[in-house]
Amino acid sequence: MHFSCGIVRPPYEAGSCFLQVTSSCSHNKCRFCTFYKEAPFSVSPESEIREDLQEIRDSGWKVKRIFLQGADPFLLSYDRLKRIMDLIKEYLPWGVSVGGYGRVDSVRNKSVGELKSVNYPRLKSRA
């Protein structure tokens with residue numbers, strides 16, 4: 001698996017599988033946060049994402065949830081996020097839920113329709 005800096009996740013994501021799509025923080029100016037101060041921001045190349053998804057698939061672990069790593073994966077363009085979701089569906093076709101951190105200004109740059117269209121179907125309907 002490709003990880004260029006430490007994993008950051010909320011406690012309730014402890015059982016999730018982690019997939020790095022960005023590294024560090026694009027903003028990196030918060031006075032309260034020192035976690036990413038030493039790490040430059042970068043976006044993971046698709047080849048690394050594919051390799052990591054293949055490793056997850058080949059591990060035999062029936063992953064139920066992927067937590068996108070990086071301080072703000074939603075900084076990525078809609079097209080890039082959609083491509084990542086398509087790759088997750090390709091490599092993990094049994095269906096998983098996906099989560100990740102996002103700054104308000106990064107999510108705000110996407111329409112409700114765009115955010116709904118990258119939604120990955122859950123294993124079980126909650127209806």
Does [X] reach the side chain of [Y], with side-chain heavy atoms less than 4.5 Å apart?
| X | Y | answer |
| --- | --- | --- |
| Leu81 | Lys110 | yes |
| Val43 | Val21 | no |
| Ile49 | Ile88 | no |

**Under 3.5 Å: donor-acceptor pair, side chain of Trp94, backbone of Lys64** =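 Checked: no pair found.
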
Report the residues that fulfil side-chain contact (heavy atoms from CB on, under 4.5 Å) with [X], sequence neighbours left out, ordered by chain and then residue number.
| X | value |
| --- | --- |
| Asn109 | none |
| Pro45 | Ser47, Glu48 |
| Ser59 | Trp61 |

**Prompt:** How far apart are the C-alpha atoms of Phe74 and Tyr101, what are their side-chain angles, what is the distance that settles it, and do they pass the ring-ring contact (aromatic ring centres under 6.0 Å, His included) test?
**Reply:** CA-CA 7 Å; Phe74 284 91; Tyr101 285 126; over 10 Å; no

If you compare all heavy atoms of [X] against all heavy atoms of [Y], which two are closest, and at what distance to 0.1 Å?
| X | Y | answer |
| --- | --- | --- |
| Gln69 | Pro73 | O-CG, 4.0 Å |
| Gly102 | Asp72 | CA-OD1, 3.2 Å |
| Ser24 | Ala39 | OG-O, 2.6 Å |

**Item:** Of all pairs that satisfy salt bridge (charged side-chain N to carboxylate O under 4.0 Å, His left out), the ones with a partner from residues 12-31, not counting sequence neighbours
**Value:**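 Checked against salt bridge (charged side-chain N to carboxylate O under 4.0 Å, His left out) - neighbours excluded - the pairs reaching residues 12-31 are Glu13-Arg65.
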
**Asked** Pairs in or reaching into residues 15-28: which pass salt bridge (charged side-chain N to carboxylate O under 4.0 Å, His left out), with residues at least two apart or in two chains?
**Response**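 Of all non-adjacent pairs touching residues 15-28, none passes salt bridge (charged side-chain N to carboxylate O under 4.0 Å, His left out).
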
**Request:** Applying ring-ring contact (aromatic ring centres under 6.0 Å, His included), name anything that partners Tyr91, two or more places apart in sequence or on another chain.
**Result:**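 Residues passing ring-ring contact (aromatic ring centres under 6.0 Å, His included) with Tyr91: none at all.
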
**Message:** Just to verify, what does Phe41 make a ring-ring contact (aromatic ring centres under 6.0 Å, His included) with, not counting sequence neighbours?
**Reply:**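 ring-ring contact (aromatic ring centres under 6.0 Å, His included) list for Phe41, sorted by chain: empty.
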
**Request:** Would you please test Val98 and Met85 for side chain to side chain contact (heavy atoms under 4.5 Å, CB included) and show each step?
**Result:** CA-CA 9 Å; Val98 177; Met85 296 305 292; 3.6 Å; yes

**Item:** For Arg57, salt bridge (charged side-chain N to carboxylate O under 4.0 Å, His left out) partners two or more places apart
**Value:**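 Result, salt bridge (charged side-chain N to carboxylate O under 4.0 Å, His left out) vs Arg57: none returned.
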
How would you list, by chain and number, every residue that makes a side-chain hydrogen bond (donor to acceptor under 3.5 Å, both in side chains) with [X], sequence neighbours excluded?
| X | answer |
| --- | --- |
| Arg80 | none |
| Glu46 | Arg50, Arg83 |
| Asp86 | Lys82 |

How long is the straight-line distance from [atom2] of [Y] back to [atom1] of [X], given to the nearest 0.5 Å?
| X | Y | atom1 | atom2 | result |
| --- | --- | --- | --- | --- |
| Lys62 | Ile56 | NZ | CD1 | 13.0 Å |
| Ile66 | Leu92 | CD1 | CG | 5.5 Å |
| Glu51 | Ser44 | CD | OG | 11.0 Å |
| Leu76 | Thr22 | CG | OG1 | 6.0 Å |

